[in-house]
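For ligands, and for the atoms within them, numbers begin at 1 and follow the listed sequence. Residue numbers run from 1 in the order of the sequence given.
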Amino acid sequence: MNVQRNFIGGAWVEGSGALRNVNPSDISDVVDEFSLATPAQVAEAIAAARAALPVWGAMTLQARSEALDAVGTAILTRREALGRLLSREEGKPLPDGIGEVTRAGQLFKFYAGEVLRLAGERLPSIRAGVEVEVMPEPVGVIGLITPWNYPSSVPANKIAPAIAYGNAVVLKPSELVPASAVALFEIMEQAGLPAGLVNLVIGGAEVGEALATSPEINGISFTGSTVTGRKVAAHAVANGARVQLELGGKNPLVVLDDAPFDVAVECAVNGAFYQTGQRCTASSRLIVTEGVHDRFVEAVAERVRSLKVGHALEAGTQVGPVIDERQLAKDMSYVDIARGEGARLVAGGERLNRDTEGFYLSPALFADTHRDMRINREEVFGPVASVIRVKDYEEALEVANDTTYGLSAGICTTTMKYAHHFRRHVKAGMTMLNLPTAGVDYHVPFGGTKASGYGPKEQGRVARDFFTQTKTSYLLED
Ligand code: NAD
């Protein structure tokens, strides 16, 4: 097997040690083998990125835009194969794998356009005869650290704006899904980017730490758990690097008595269990008013029991496996914790056997839970959701906000008054009306508040807030 999987200074290089990437739908299927980047190679990658900055900066905007566009086109052209690879290594059903890769292609195309739209402003000074110009400039070398649940779109969501706004990057993807990152770099290698502009280092926490603790980095954009993100931020701040964190969630979906019933059930099932609940925006807390509660729980439970759990590449699979043994053990431990707290298990929560050996878990729905239970306070990050019964809208909003997290929040109702009030008063970075808490557009800001995010938001035009710094120039007119 070829294990030269680190991409540094425009060349594929071998690291040390071996990392095996296993298909969670079928653990007998080894997706690929990789070698881990050494700390010295992380430093080399950062130096290569630094050296590429002036080369990239000297290229015309047209050439830069075309390079990003070419990456987007190549991804979209190969989306079937890339989606299959992604589903094989991450375990989301094939249509979702292809959907994610498509999004990655669209992100590159969006930022290909943004290359041409980066503008500053010129304005009069308060002093006579003086003009002021305010211009965005690249930040420099940015370290990117990404999680396993979006192996293609999260790296794309960071790399595309970073280079569009003139920076160079070093990406460390999750050690559980390096194959999709390698495939993305193989595409970028062909797109006319200067050597060293984009670098890939494979590995786990040690490689991430080597990146985060480097004094040569100007910024870190991190997506992952809140605990790790805060460690990374502390290192970056100590070195004077800027930080952007996209973190975990415990997202509420409020269902009121007057909700469009079928829409609400679909929002709950999709938001809580699709992609195995392994979405930062998953609806893990279903907050339901008492008039509709029993009927809603019954309808969601019926749908949940009918979901087809299986191999990610098998046609008709609706819920794939959990990512690995460790996450499966964590999910199952929360099933036990919830039971121990007195929650009523209405559906699922059991390890399943399929034709191939994988990490299959039947989606678990709990009812009769209380907002203070651990199942309602801690992120599980699996196909586990719980229902909290509330009296009315006011109590629903209070429970929705009673969490340290604040990523996405949804409400299902037909009353405008509640829809508007919720949008204004729920403490979350994103709100949804009669839509699942998960599933967002690629051209608008994405991110959370409270323990779900830190620093400027990602995505859309606001991505420039993190990936550029402002220079103010004063000019004395003749
Ligand atoms: P994680 O925090 O365990 O790992 C994230 C990345 O950090 C990985 O690449 C990992 O190797 C690296 N890492 C681990 N320890 C490190 C250290 N000490 N220093 C530097 N890097 C280190 O998260 P995960 O399990 O990969 O992903 C799941 C988490 O990601 C969930 O909490 C989920 O909510 C969150 N997530 C958030 C978003 C968002 O946009 N808000 C999107 C996807 C996932």
Side-chain angles (χ1 to χ4, degrees), residues 19 21 24 34 36-37 39 42 89-90 92 100 103 107 143-158 170-178 180-181 200-214 217 220-236 238-239 241 243-251 275-284 322-324 326-328 330-331 378-382 403-408 428-430 437-440 442 445-459 463 466:
L19 174 73
N21 182 13
F34 303 84
L36 306 172
V42 174
E89 76 169 347
E90 198 272 348
K92 63 185 70 175
E100 184 187 330
R103 183 187 184 86
L107 281 162
L144 311 175
I145 301 177
T146 55
W148 50 263
N149 64 327
Y150 286 104
S152 179
S153 65
V154 170
N157 202 17
K158 295 184 189 296
V170 179
L171 170 72
K172 192 213 81 67
S174 166
E175 61 275 33
L176 296 177
V177 290
S180 292
L200 173 67
V201 289
I202 305 265
E206 319 71 48
V207 179
E209 263 179 35
L211 195 54
T213 55
S214 168
I217 285 278
I220 291 270
S221 178
F222 171 92
T223 299
S225 63
T226 303
V227 171
T228 310
R230 288 183 173 170
K231 274 191 220 158
V232 166
H235 292 312
N239 285 324
V243 194
Q244 175 179 58
L245 306 177
E246 295 296 344
L247 308 170
K250 196 73 198 171
N251 309 288
Q275 294 186 27
T276 322
Q278 297 176 151
R279 295 191 280 188
C280 50
T281 46
S283 320
S284 45
V322 172
I323 182 75
D324 67 359
R326 203 172 61 137
Q327 183 66 43
L328 180 67
K330 181 179 174 194
D331 296 351
E378 298 168 17
E379 185 185 47
V380 180
F381 214 58
T403 172
T404 53
Y405 291 107
L407 188 52
S408 181
M430 296 173 287
T437 56
V440 295
Y442 68 81
F446 176 96
T449 57
K450 296 160 72 180
S452 293
Y454 181 80
K457 295 259 184 298
E458 286 195 320
Q459 235 180 226
F466 179 73

Heavy-atom donor-acceptor pair, Ser221 side chain to Leu144 backbone, under 3.5 Å: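 A pair under 3.5 Å: no.
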Donor-acceptor pair, side chain of Ser152 and main chain of Glu100, under 3.5 angstrom: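 Side chain of Ser152 to backbone of Glu100: no pair is present.
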Using a plain distance cutoff, I'd like to know if [X] has any nitrogen or oxygen under 3.5 Å from a nitrogen or oxygen of ligand 1.
{"X": "Ser225", "answer": "yes"}
{"X": "Thr226", "answer": "no"}
{"X": "Tyr150", "answer": "no"}
{"X": "Asn149", "answer": "no"}
{"X": "Lys172", "answer": "yes"}
{"X": "Thr146", "answer": "yes"}
{"X": "Glu458", "answer": "no"}

May I ask you to identify the nearest protein heavy atom to [atom], giving residue, atom name and distance to one decimal place in Å?
{"atom": "atom 16 (C) of ligand 1", "result": "Thr228 CG2, 3.3 Å"}
{"atom": "atom 33 (C) of ligand 1", "result": "Phe381 CE1, 3.2 Å"}
{"atom": "atom 39 (C) of ligand 1", "result": "Cys280 SG, 3.3 Å"}
{"atom": "atom 12 (C) of ligand 1", "result": "Ile145 CG2, 3.7 Å"}
{"atom": "atom 26 (O) of ligand 1", "result": "Trp148 CD1, 3.1 Å"}
{"atom": "atom 27 (O) of ligand 1", "result": "Pro147 CB, 3.3 Å"}
{"atom": "atom 35 (C) of ligand 1", "result": "Gly224 O, 3.2 Å"}
{"atom": "atom 40 (O) of ligand 1", "result": "Phe446 CE2, 3.0 Å"}

Under-4.0 Å heavy-atom contact between protein and atom 19 (N) of ligand 1: yes
Per-residue contact class, Glu379 against ligand 1 - non-hydrogen pairs under 4.0 Å: side chain
Contact partition for Leu247 relative to ligand 1, non-hydrogen atoms under 4.0 Å: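 Backbone only; the side chain of Leu247 stays clear of ligand 1.
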Roughly how far apart are [X] [atom1] and [Y] [atom2], rounded to 0.5 Å?
{"X": "Thr213", "Y": "Lys231", "atom1": "OG1", "atom2": "NZ", "result": "13.0 Å"}
{"X": "Glu206", "Y": "Lys172", "atom1": "CD", "atom2": "NZ", "result": "8.5 Å"}
{"X": "Leu176", "Y": "Glu90", "atom1": "CG", "atom2": "CD", "result": "9.5 Å"}

For Thr223, the option from Glu246, Gln244, Lys158 that meets side chain to side chain donor-acceptor pair (under 3.5 Å): Lys158
Should [X] and [Y] count as side-chain neighbours, where that means a heavy-atom distance under 4.5 Å?
{"X": "Tyr150", "Y": "Arg103", "result": "no"}
{"X": "Leu407", "Y": "Met430", "result": "yes"}
{"X": "Tyr442", "Y": "Asn157", "result": "no"}
{"X": "Phe446", "Y": "Cys280", "result": "yes"}

Which atoms of ligand 1 sit under 4.0 Å from any heavy atom of [X]?
{"X": "Val232", "answer": "19 (N), 20 (C)"}
{"X": "Glu175", "answer": "10 (C), 11 (O)"}
{"X": "Gly208", "answer": "19 (N), 20 (C), 21 (N)"}

Partner of Pro155 under side-chain contact (heavy atoms from CB on, under 4.5 Å), chosen from Leu171, Leu200, Val177: Leu171
Residues, nucleotides or ligands: over 12 heavy atoms within 6.0 Å of Tyr454 OH: no
Close approach, Ser174 and ligand 1, non-hydrogen under 4.0 angstrom: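 Ser174 counts as a contact of ligand 1 under the 4.0 Å cut-off.
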Nearest non-hydrogen partners of Leu107 and Ser153, listed with the distance: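 Smallest heavy-atom distance, with atoms named: CD1-O, 3.7 Å.
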